[in-house]
Enquirer: 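Here it is, the structure in full.
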Amino acid sequence: MPSNGRGTVDASPDTLLTVRGLKVRFFLQEGVVHAVEDVDLDVHAGRTLGVIGESGCGKSVTAQAILRILPSPPGRIEAGAIQLWRRKDDRAGDVPLDLATLDATGSVIRAVRGNEIAMIFQEPMTSFGPMHTIGNQIEETILLHLPEVRRTEARERTVSLLEQMGIARPAAVADSYPHQMSGGMRQRAMIALALSCNPLLLIADEPTTALDVTVQAQILELLARLQAEYGMAILFITHDLGVIAEIADEVAVMYLGRVVERASVADLFDHPAHPYTRALLQSIPRIDSVEAERLTAIEGSVPDPFHVPAGCAYADRCGDFMPGRCDAAVPALAACAPDHHVRCFLYDQVPEADDGA
């Protein structure tokens, strides 16, 4: 998206959130961790953007930066813009709200959290307070963001939400404490909490990782149905390519804090461009594989985030490594096909200026 000269970008009518040049650092005693480096993302209304990559690649930190819930200290947004195109108030054409410039504890961002942008965390047991019932915590969210709603209405809405999540005896579950529920039920209750104020954007941070396959499929089906019903956008974070194929419209592949490939889900699976993306797809077990055949593994490991190497961070694991080029500069994220971007010198990109990251 091009800039309009005011520090924002010219968004398409369905654009909901734009992230540009996002950099996040963690300042620790051991050194500085470059957790997120020049990340650009676009989230569109009614669509799902999947963000994939190995553990530690910056997926969750990016989501935390969007909601301004980074642990601070030591975490800090060093640069970039996180622009929310607020159309809830029908002010079309307004300058977007830049979340990166807000006070992380101020009233403006607190009004956005849970209302316009909601989040499903990986482990709901750490998200629900153990001293209050599930219903009480959902009702509190509704009353906080929707002051016109009365407490009796909030209770009715809570029970209705739990019922929409496919929970049997929703009124009884609303009076239950988190430890009295199974993992699948807690995750459904967490989704009910996130959707209690009809958010524009739902961030789902590996919401199915701790669930068995059957419950995982039910959660994915539930999210797809709720998205169709409410028209919300979803930013879905996972390391599971099977889940991405099931739920995403567009995909951003991350490696050591950078987006290395961005494309539609069909294009990514049919025509993967970055060597890392190809390696991820090759590592998926195949049902038609030869019996007792060893799984394909990606050699090496992710570099130490305290000492990010010069050049492409994937260079020492890449089968297409080009000495003197891949280890000398960081490739830019550039188009290799229509609506398909990749960060790799195999496609003759111009190198980015290396700022020491």
Side-chain angles (χ1 to χ4, degrees), residues 19-41 50-66 68-82 100 205-206 237-239 251-263 272-280 283 297-334 336 341-357:
V19 178
R20 291 291 179 271
L22 180 63
K23 296 184 181 183
V24 178
R25 305 281 188 268
F26 285 87
F27 297 88
L28 307 174
Q29 290 184 345
E30 300 89 341
V32 179
V33 175
H34 298 254
V36 174
E37 191 67 33
D38 291 325
V39 164
D40 291 352
L41 296 173
V51 180
I52 63 172
E54 293 175 83
S55 296
C57 70
K59 306 185 301 294
S60 296
V61 172
T62 299
Q64 292 171 4
I66 291 172
R68 303 301 311 279
I69 56 174
L70 288 168
S72 179
R76 190 167 73 208
I77 295 176
E78 286 288 282
I82 305 170
D205 187 3
E206 303 200 34
I237 298 169
T238 183
H239 60 267
V251 187
V253 182
M254 293 189 68
Y255 187 81
L256 200 63
R258 294 183 188 269
V259 174
V260 296
E261 187 165 0
R262 193 174 63 216
H274 198 279
Y276 177 58
T277 307
R278 295 200 299 264
L280 287 176
S283 68
I298 303 176
E299 299 295 332
S301 59
V302 180
D304 182 358
F306 287 105
H307 304 95
V308 179
C312 175
Y314 188 64
D316 64 347
R317 306 175 73 184
C318 183
D320 298 305
F321 171 68
M322 294 179 285
R325 193 173 188 192
C326 295
D327 55 355
V330 178
L333 188 68
C336 63
H341 294 75
V342 63
R343 188 186 297 275
C344 183
F345 285 124
L346 290 174
Y347 304 89
D348 293 324
Q349 277 94 335
V350 177
E352 287 184 346
D354 196 334
D355 61 359

Enquirer: Would you say Leu70 and Arg76 make side-chain contact, with heavy atoms under 4.5 Å?
Expert: no
Enquirer: Quick one: does Val259's side chain get under 4.5 Å of Leu41's, heavy atoms only?
Expert: yes
Enquirer: Which heavy atom of Ile77 sits nearest a heavy atom of Ala65, and at what distance?
Expert: CD1-O, 4.0 Å
Enquirer: Return each pair, listed once, that meets salt bridge (Lys or Arg N to Asp or Glu O under 4.0 Å) where at least one residue sits in residues 304-315; pairs must be two or more places apart or across chains.
Expert: none
Enquirer: For Gln29, enumerate each residue passing the side chain to side chain contact (heavy atoms under 4.5 Å, CB included) test, keeping only those at least two apart in sequence or located in another chain.
Expert: none
Enquirer: Which heavy atom of Val39 sits nearest to which heavy atom of Gly257, and what is that distance?
Expert: CG2-O, 3.4 Å
Enquirer: Determine whether Tyr255 and Leu280 satisfy the following criterion, side-chain contact (heavy atoms from CB on, under 4.5 Å), listing intermediate values before the conclusion.
Expert: CA-CA 11 Å; Tyr255 187 81; Leu280 287 176; over 6 Å; no
Enquirer: Which distance, rounded to the nearest 0.5 Å, do you find between the SG of Cys318 and the CG of Leu346?
Expert: 6.5 Å
Enquirer: Which heavy atom of Val36 sits nearest to which heavy atom of Arg25, and what is that distance?
Expert: O-NH1, 3.5 Å
Enquirer: If I take atom NE2 from residue His307 and atom CD from residue Glu30, how far apart are they, to the nearest 0.5 angstrom?
Expert: 10.5 Å
Enquirer: If you apply the rule side-chain contact (heavy atoms from CB on, under 4.5 Å), what do you find for Phe306 with Val32, and how did you get there?
Expert: CA-CA 6 Å; Phe306 287 105; Val32 179; over 6 Å; no
Enquirer: Could you work out, with side chain to side chain contact (heavy atoms under 4.5 Å, CB included) as the rule, every residue matching Cys326, not counting sequence neighbours?
Expert: Ala315, Phe321, Met322, Phe345
Enquirer: With no hydrogens and no angle check, is any side-chain donor or acceptor of Lys59 less than 3.5 Å from a backbone partner on Gly53?
Expert: yes
Enquirer: Could you pull out all residues at least two apart from Asp327 that satisfy salt bridge (charged side-chain N to carboxylate O under 4.0 Å, His left out)?
Expert: none
Enquirer: Using the rule side chain to side chain contact (heavy atoms under 4.5 Å, CB included), only one of Pro73, Pro305, Pro71 pairs with Phe26; which is it?
Expert: Pro71
Enquirer: Can you give me the closest heavy-atom contact between Cys57 and Ile52, atom names plus distance?
Expert: SG-O, 4.4 Å
Enquirer: Just by distance, do the side chain of Arg343 and the backbone of Pro331 share a donor-acceptor pair under 3.5 Å?
Expert: yes
Enquirer: side-chain contact (heavy atoms from CB on, under 4.5 Å) for Ile82 and Arg20? Distances and angles first, verdict last.
Expert: CA-CA 7 Å; Ile82 305 170; Arg20 291 291 179 271; over 6 Å; no
Enquirer: Working note: Val308 + Glu37, criterion side-chain contact (heavy atoms from CB on, under 4.5 Å); need CA distance, chi angles, decisive distance, verdict.
Expert: CA-CA 11 Å; Val308 179; Glu37 191 67 33; over 6 Å; no
Enquirer: Going by heavy atoms in the side chains, are Val33 and Leu28 under 4.5 Å from each other?
Expert: yes
Enquirer: In chain order, what residues pass the side-chain hydrogen bond (donor to acceptor under 3.5 Å, both in side chains) check against Asp40, with sequence neighbours excluded?
Expert: none
Enquirer: Suppose we screen for side chain to side chain contact (heavy atoms under 4.5 Å, CB included). Which residues come up paired with Pro272, at least two apart in sequence or across chains?
Expert: Thr277, Arg278, Leu281
Enquirer: Mind checking side-chain hydrogen bond (donor to acceptor under 3.5 Å, both in side chains) for Thr238 and listing every partner two or more places apart, or none if nothing turns up?
Expert: none
Enquirer: Less than 4.5 Å apart, any side-chain heavy atom of Tyr314 and any of Ile298?
Expert: yes
Enquirer: List in chain and number order the residues that pass salt bridge (charged side-chain N to carboxylate O under 4.0 Å, His left out) with Arg317, two or more places apart in sequence or in another chain; answer none if no residue qualifies.
Expert: Glu54
Enquirer: I need the minimum non-hydrogen distance between Val302 and Leu256, along with the two atoms involved.
Expert: CG1-CD1, 3.6 Å
Enquirer: Looking only at heavy atoms, which two atoms of Val260 and His274 are closest? And how far apart?
Expert: O-CD2, 3.6 Å
Enquirer: If the condition is side chain to side chain contact (heavy atoms under 4.5 Å, CB included), which residues does Ala273 pass it with, not counting sequence neighbours?
Expert: Glu261, Cys336, His340, Val342, Tyr347
